[in-house]
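Lettering follows sequence order; numbering is per chain, from 1.
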Protein chains: 2
Amino acid sequence: MSGRPREFDIDTALDQAVQIFWRQGYEGTAISDLAETLGINRPSLYAAFGNKEALFRKALDRYTATVTSYVQEAFKEPTARGVAERLMLGAADATTREGCPQGCMGVQGALAASVESDRIRYLLSDWRSAAQADIQGRFERARSEGDLPPEVDPADLAAYVTTVMYGIAVRAASGATNAELRRTATLAAQSLPW
Amino acid sequence: MSGRPREFDIDTALDQAVQIFWRQGYEGTAISDLAETLGINRPSLYAAFGNKEALFRKALDRYTATVTSYVQEAFKEPTARGVAERLMLGAADATTREGCPQGCMGVQGALAASVESDRIRYLLSDWRSAAQADIQGRFERARSEGDLPPEVDPADLAAYVTTVMYGIAVRAASGATNAELRRTATLAAQSLPW
DNA sequence: ACCTTTATTTACTCGTCGTTACATTACCCC
DNA sequence: GGGGTAATGTAACGACGAGTAAATAAAGGT
């Protein structure tokens, strides 16, 4: 037990891996990109994380825990309206952080991919579906609390809000500014169907 | 002049190239994928289209002329409201055609990419910006025709509608059905800000 | 001081990538 | 039925992809 100590911090490395996968996507990222940026050799990466797919999964977990934590925060808003607004504004902020890539890793990580990367495409597809399901859960709670009028379907509402969030991510990747995206988020929040 | 005749139809080939780029994205597609599907050899592809980037550009043109022609159609609607609704419903339909990949080639073709594919990323970014600008132009016309209340900004409206369209494309890539996406489009159309 | 353990380094495998040279084949024109 | 022309098929190019084998280096325990 306990041999030669690792010369790099594994969480720092993961943070940098997040940045690169976020910017270049799964297929657009080579292990050598990561190794170069981290200043370590490829075998050290393999020793620490397994393989490319395992590293991406860990990077996605870290991304979820940090960048998209605003989703859980938004759920604490007392009203469904407040939740929806904070979700969409949060998406605008998270996709236009300075010093970070524009857009959302969960969206642009592997929207389309070759057959060899299908597993990652599905991983991200599930990631997005899980987010939508979480949001739907929050709106179902709102309905049971009488916070949502009965004619508003929580599933429809969650679908709508996530659609706007994903659209914001795409526009961020197209170079839209934070101000522009926040305007869209506000407009969408003001014109909610109740 | 006029030597040996080409053994494949160049437009059919382009159609098939659209399908593959649409499904796998730019970086996820290898020239051998295309050659295999078209049943021709790689050098024939190069002779006919130049290189991978040129082929993608031509495929995108074809995609635009066919799959996204609903955008120009929607502009013919008499009211801004009708235009917006048809755009979003059209996006739902175009991203869930049967026999075609789920999603939008202009969105998932290269949202994130390696540095070597930056040119294609920008190409698609410009493609999306051009679409948004077109839509904004239509709403500006609507405003000058008195069809839009003065408090509604055509730029904001176009931004909002394209956001929903892109979000629909992402959800289609996540496996959402046509019916689900049309519900979202209808909901978004009903809750337009005027 | 030695042994075990684990990380690092260097060098390599093997497949695939985009792209191209070269020889061959099929058509039109005269 | 030869030339000219432009497509095809075969085979290769160099670069780079993910992943690994083997030797070396640095720590802890005894």
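Proximity note for A:P43 (side chain, C-beta onward) versus D:dA21, D:dG19, C:dT19: the nearest is D:dA21. Looking at the side chain of A:S44, the nearest of the listed nucleotides D:dT10, D:dG17, C:dT9 is C:dT9. Of the candidate nucleotides C:dC28, D:dT8, C:dA7, C:dC28 has the atom nearest to the side chain of B:S2. In this structure, the nucleotide among D:dT8, D:dG19, C:dC28 sitting nearest to the side chain of A:R42 is D:dG19.
Under the side-chain hydrogen bond (donor to acceptor under 3.5 Å, both in side chains) criterion, the residue pairs touching residues 20-39 of chain A are A:E27-A:S114, A:E27-A:S117, with sequence neighbours excluded.
Nucleotide C:dG15 holds its C1' atom 11 Å from the CD atom of A:E116, rounded to whole Å. Atom CG in A:L45 sits roughly 12 Å away from atom C1' in D:dG19 (whole-Å rounding). Straight-line distance from the OH atom of B:Y46 to the P atom of D:dA7: 17 Å, rounded to whole Å. Whole-Å rounding puts the B:I10 CD1 to D:dA6 C1' distance at 13 Å. As rounded to whole Å, 11 Å separates atom C1' of C:dC17 from atom CG of B:D33. In this structure, the NZ atom of B:K52 is 14 Å from the P atom of C:dT20, given to the nearest Å. A:R6 places its CZ atom 16 Å from the C1' atom of D:dA25, with the value rounded to the nearest Å. Note: CG (A:L38) to P (C:dA7) measures 16 Å, nearest angstrom.
Atom CD1 of A:I20 and atom CZ of A:F56 lie 12.5 Å apart (nearest 0.5 Å).
Judged by closest nucleotide on DNA chain C, B:E53 is the one of B:E53 and B:P5 placed further toward the 5' end. For B:E7 and A:I31, each mapped to the nucleotide of DNA chain D holding its nearest heavy atom, the one lying further toward the 5' end belongs to B:E7.
Interface remark: the A:R4 side chain does not form any donor-acceptor pair with the C:dT5 base, using a distance-only criterion of under 3.5 Å.
As judged by a 4.0 angstrom heavy-atom cut-off over every strand, A:T29 is placed among residues touching the sugar-phosphate backbone only.
Without hydrogens or angle criteria, B:Y166 side chain to B:R128 main chain gives a donor-acceptor distance under 3.5 Å. A donor-acceptor contact shorter than 3.5 Å is absent between the side chain of B:T96 and the backbone of B:T177.
Residue A:N41 has no polar side-chain atom (N or O) positioned under 4.0 Å from OP1 or OP2 of C:dT8. For C:dT19, the OP1/OP2 oxygens have a side-chain nitrogen or oxygen of B:N51 closer than 4.0 Å.
At a cut-off of 3.5 Å, with distance as the only test, a side-chain donor of B:E140 or B:Q136 sits close to an acceptor on the other residue.
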